[in-house]
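Sequence lines set the chain letters: A, B, ... in the order given, protein chains first and strands last, and positions in each chain run from 1.
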There are 2 protein chains.
Amino acid sequence: MSGVFKALSDPTRREILGLLRDRDMTAGEIAEQFEISKPAISKHLDLLKEAELVSVEKKGLYRIYSINLTVLQDTLSGFLDLFEKENEE
Amino acid sequence: MSGVFKALSDPTRREILGLLRDRDMTAGEIAEQFEISKPAISKHLDLLKEAELVSVEKKGLYRIYSINLTVLQDTLSGFLDLFEKENEE
DNA sequence: TATTTATTTAACCAATTAGTTAAATATAAT
DNA sequence: ATTATATTTAACTAATTGGTTAAATAAATA
């Protein structure tokens, strides 16, 4: 839970998720979209993976990243549910 | 946006929001619920205030904190909307 | 006016973060 | 077997985080 919010607290990582919403991408394709270095992107991807917000598949030389939409949606909407009027004991 | 996710990435701060969901509380009442020092809680509250997730009202010696439910809900559900199937351009 | 009370601010510390460049790894192609 | 390519890991740095204790502030009370 903390991991998901931590991951989402960085604008670069949110942007990566936005890219992956549209299609799966290799690490290099993702890195191309940003000004920062590839190792920096690699670390962002690692953090997103840690939070289980993305998955990776090895394909030859490439790593193909994809978003785990359900993790994102379930975590956030699950958290939001805690603050619904209905939930008042 | 980053501020909200950053604020939510800490379990103590999420717990504070959980307390405030039930009722407004003074800084001291909030601090009582945790093991850590009052200044530490004060800083957490400040960060929540920065993210506009809580508001404070001065009342004599006390500061009364309340949750800004709509900010929490609008931010998270607004972000979630970006990842809905319908949003595909 | 002096004291107590609630809270914040200041100064500090260790751990973490987000970036860098350089080196390592692993697969593909010549 | 060598070289090129995609990506990660390592080593480093500056800034931020989450905690501490001590001092400052501000309102209430004696």
Check the distance between D:dT8's P and A:E57's CD and give it to me in whole angstrom.
14 Å
Nearest whole angstrom, please: distance from the C1' of D:dG19 to the CG of B:L45.
15 Å
From the candidates C:dT20, C:dA26, D:dT21, the one with an atom nearest any side-chain atom of A:A40 is C:dT20
Students often get this wrong, so: under 4.0 angstrom with heavy atoms, is A:D46 touching a base, only sugar-phosphate, or nothing?
nothing
Backbone of A:V71 reached by a side-chain donor or acceptor of A:N68 within 3.5 Å:
no
How close or far is atom P of C:dT16 from atom CG of A:D10, stated in whole angstroms?
18 Å
Do B:I16 and B:Y65 make a side-chain contact, defined as non-hydrogen atoms from C-beta onward lying under 4.5 Å apart?
no
So, is B:K6 close to the D:dT17 phosphate, meaning a side-chain N or O under 4.0 Å from OP1 or OP2?
yes
Could you check which of C:dT21, D:dT20, C:dA18 has an atom nearest any side-chain atom of A:L47?
C:dA18
Would you classify B:F34 as touching base, sugar-phosphate or nothing, given that sugar-phosphate means primed atoms plus P, OP1 and OP2, and contacts are heavy atoms under 4.0 Å?
nothing
Exam field: side chain B:R63 to backbone B:A27, donor-acceptor pair closer than 3.5 Å:
no
Between D:dA26, C:dA10, C:dA28, spot the one nearest the side chain of B:L61, thanks.
D:dA26
B:K59 NZ to D:dA26 C1', straight-line distance once rounded to whole Å
17 Å
Is the NZ atom of B:K38 crowded by more than 12 outside heavy atoms at less than 6.0 Å?
no
At under 4.0 Å, does any side-chain N or O of A:T26 touch on OP1 or OP2 of D:dT7?
yes
Length of the NZ-P vector between B:K58 and D:dA28, whole Å:
11 Å
B:Y62 side chain near C:dT8 phosphate (N/O to OP1/OP2, under 4.0 Å)
no
Is A:T12 close enough to C:dA18 that one of its side-chain N or O atoms is under 4.0 Å from OP1 or OP2 there?
no
First of B:R63 and A:I64 reached from the 5' end of DNA chain D, by closest nucleotide:
A:I64
What is the nucleic acid contact for A:I36, judged by heavy atoms within less than 4.0 Å: base, sugar-phosphate only, or nothing?
sugar-phosphate
Rounded distance in Å - NZ (A:K38) to C1' (C:dT21)
14 Å
Does the B:E15 side chain pair with the main chain of B:Q33, one donor and one acceptor, at a distance under 3.5 Å?
no
Any side-chain N or O of B:S37 below 4.0 angstrom from OP1/OP2 of D:dT20?
yes
